[in-house]
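Written out below as structure tokens is the structure these notes cover.
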Amino acid sequence: MVTIELHPQVRPLAFLLGTWMGEGEGEYPTIQPFRYREELRFWHNGKPFLAYQQRTSAIEDGRPLHGEMGFLRAGADQSLEFVIAQGIGLAEVEVGTVDGTRIELQSTFVGRTPTAKAVSGVRRVIWLEGERLHYELAMAMANVPLTHHLSARFQRTGD
Ligand code: HEM
């Protein structure tokens with residue numbers, strides 16, 4: 001098998017690589033709070049980005065919830081660009097930075113299909129604490145300013 005070297009610009013993101021399993025909680029002023037399971041995976045092919053995929057399910061009955069896929073693009077100077085397509089009809093463009101094992105991203109654009117909800121902004125923070133990966137996500141909607149939606153934590157389970 002050919003081993004593909006990590007692109008040098010992606011080295012600061014190596015801590016994300018692998019498959020992660022975890023649980024999270026969600027809330028928003030317009031909905032009932034909920035809990036979920038999540039599997040997420042970051043992988044690479046030698047180019048200056050990581051590929052990303054996640055899927056979630058409800059804790060109570062395992063029904064599928066949110067899913068999304070994207071690419072986390074690394075610049076030469078710790079700068080990041082994240083492009084994400086979501087099953088709920090959103091296409092996000094985010095920019096941000098990586099500082100040690102903490103990533104902060106803020107949307108510069110949220111595209112919406114005609115039936116998608118009116119999300120207008122997203123902020124994501126992802127960080128490693130010991131062996132655990134964490135993230136928090138806040139979103140803005142038509143009538144709600146940037147407000148917390150999700151927190152989750154993970155353990156690495158594989159490549
Ligand atoms: C871990 C991933 C996520 C899970 C498990 C999740 C789960 C949920 C659940 C259970 C609801 C309430 C039921 C519903 O209206 O369908 C909801 C609402 C919503 N979520 Fe998420 N979500 C996730 C990620 C996201 C992301 C990344 C966005 C956009 C950036 C998003 C945007 C929304 C919106 C717009 C609503 C509807 C709020 C409203 O109708 O007022 N969700 N989410």
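Throughout, numbering of the chain's residues begins at 1 and tracks the sequence. Note that this is a predicted model, so its numbers are computed, not measured. In listed order, ligands and their atoms are each counted from 1.
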**Message:** Heavy-atom distances under 4.0 Å decide this one: backbone, side chain, both or neither, for R124 against ligand 1?
**Reply:** side chain
**Prompt:** atom 35 (C) of ligand 1: which protein heavy atom is closest, and how many Å away?
**Reply:** V119 CG2, 3.4 Å
**Message:** Within the supplied structure, the quantity of interest is the number of heavy atoms (other residues, nucleotides, ligands) at a distance under 6.0 Å from E60 CD; does it exceed 12?
**Reply:** yes
**Complete:** Closest to atom 34 (C) of ligand 1 among protein heavy atoms sits M139 CE, 3.5 Å
**Request:** Could you see which bit of Q32 sits under 4.0 Å from ligand 1, with heavy atoms only: side chain, backbone, both or neither?
**Result:** neither
**Message:** Give the atom numbers and elements of ligand 1 that come within less than 4.0 Å of a heavy atom of T56.
**Reply:** 1 (C), 2 (C), 5 (C)
**Fill in**
In ligand 1, the atoms that come under 4.0 Å of a heavy atom of E68 are 27 (C)
**Message:** Quick check on atom 14 (C) of ligand 1 - does any protein heavy atom sit closer than 4.0 Å to it?
**Reply:** no
**Item:** Part of L90 with heavy atoms under 4.0 Å of ligand 1, whether side chain, backbone, both or neither
**Value:** side chain
**Request:** Check whether any side-chain heavy atom of Q86 lies under 4.5 Å from a side-chain heavy atom of H66, and answer yes or no.
**Result:** yes
**Complete:** When every non-hydrogen atom of L16 is compared with those of R156, the smallest separation belongs to C-NH2, 4.3 Å
**Asked** Nearest protein heavy-atom contact for atom 40 (O) of ligand 1: which residue, which atom, what distance?
**Response** K117 NZ, 2.7 Å
**Asked** What do you reckon, is CZ of R153 surrounded by more than 12 foreign heavy atoms closer than 6.0 Å?
**Response** yes
**Request:** Report, in ascending order of atom number, the atoms of ligand 1 lying under 4.0 Å from any heavy atom of Q54.
**Result:** 1 (C), 2 (C)
**Prompt:** In terms of atom number and element, which parts of ligand 1 are under 4.0 angstrom from non-hydrogen atoms of Y135?
**Reply:** 1 (C)
**Asked** Closest heavy-atom contact between I103 and L13?
**Response** CD1-CD2, 3.8 Å
**Asked** Which ligand 1 atoms are under 4.0 Å away from a heavy-atom of V122?
**Response** 30 (C)
**Message:** Do the side chains of E92 and R112 get close enough for a salt bridge, i.e. N-O under 4.0 angstrom?
**Reply:** no
**Item:** Evaluation steps, salt bridge (Lys or Arg N to Asp or Glu O under 4.0 Å), between R55 and E38
**Value:** CA-CA 6 Å; R55 58 184 173 171; E38 179 166 355; over 6 Å; no
**Which residue and heavy atom of the protein sit nearest atom 7 (C) of ligand 1, plus the separation** = F34 CZ, 3.1 Å
**salt_bridge(R124, E68) N-O dist < 4.0 Å** = yes
**Asked** Is the CG atom of D77 crowded by more than 12 outside heavy atoms at less than 6.0 Å?
**Response** yes
**Prompt:** Between S107 and G121, which heavy-atom pair has the shortest distance, and what is it?
**Reply:** OG-CA, 3.4 Å
**Request:** If you have a sec, work out which protein heavy atom is nearest atom 4 (C) of ligand 1 and how many Å separate them, to one decimal?
**Result:** H66 CB, 3.4 Å
**Nearest-neighbour protein heavy atom for atom 18 (C) of ligand 1, which is reported as residue plus atom name and distance** = I31 CD1, 3.8 Å
**Main-chain N/O of Y28 paired to H149 side chain as donor or acceptor, under 3.5 Å** = no
**Message:** Show the atoms of ligand 1 that are less than 4.0 angstrom away from any heavy atom in E38.
**Reply:** 1 (C)
**Message:** Students should be able to answer this: which protein heavy-atom is nearest to atom 42 (N) of ligand 1, and at what distance?
**Reply:** H149 NE2, 3.1 Å
**Prompt:** Should you measure from each heavy atom of L137, which atoms of ligand 1 turn up under 4.0 Å away?
**Reply:** 27 (C)
**Request:** Please say whether more than 12 non-hydrogen atoms of neighbouring residues, nucleotides or ligands are located less than 6.0 Å from CG in D159.
**Result:** no
**Request:** Mark the output for R37 as yes if a heavy-atom distance to ligand 1 is under 4.0 Å, and as no if none is.
**Result:** no
**Prompt:** Does R123 come within less than 4.0 Å of E104, counting only side-chain N to carboxylate O?
**Reply:** yes
**Message:** Under a 4.0 angstrom heavy-atom cut-off, which atoms of ligand 1 come close to E92?
**Reply:** 30 (C)
**Item:** Nearest-neighbour protein heavy atom for atom 41 (O) of ligand 1, which is reported as residue plus atom name and distance
**Value:** T30 OG1, 2.5 Å
**Asked** So is I88 in contact with ligand 1, going by heavy-atom distances below 4.0 Å?
**Response** yes
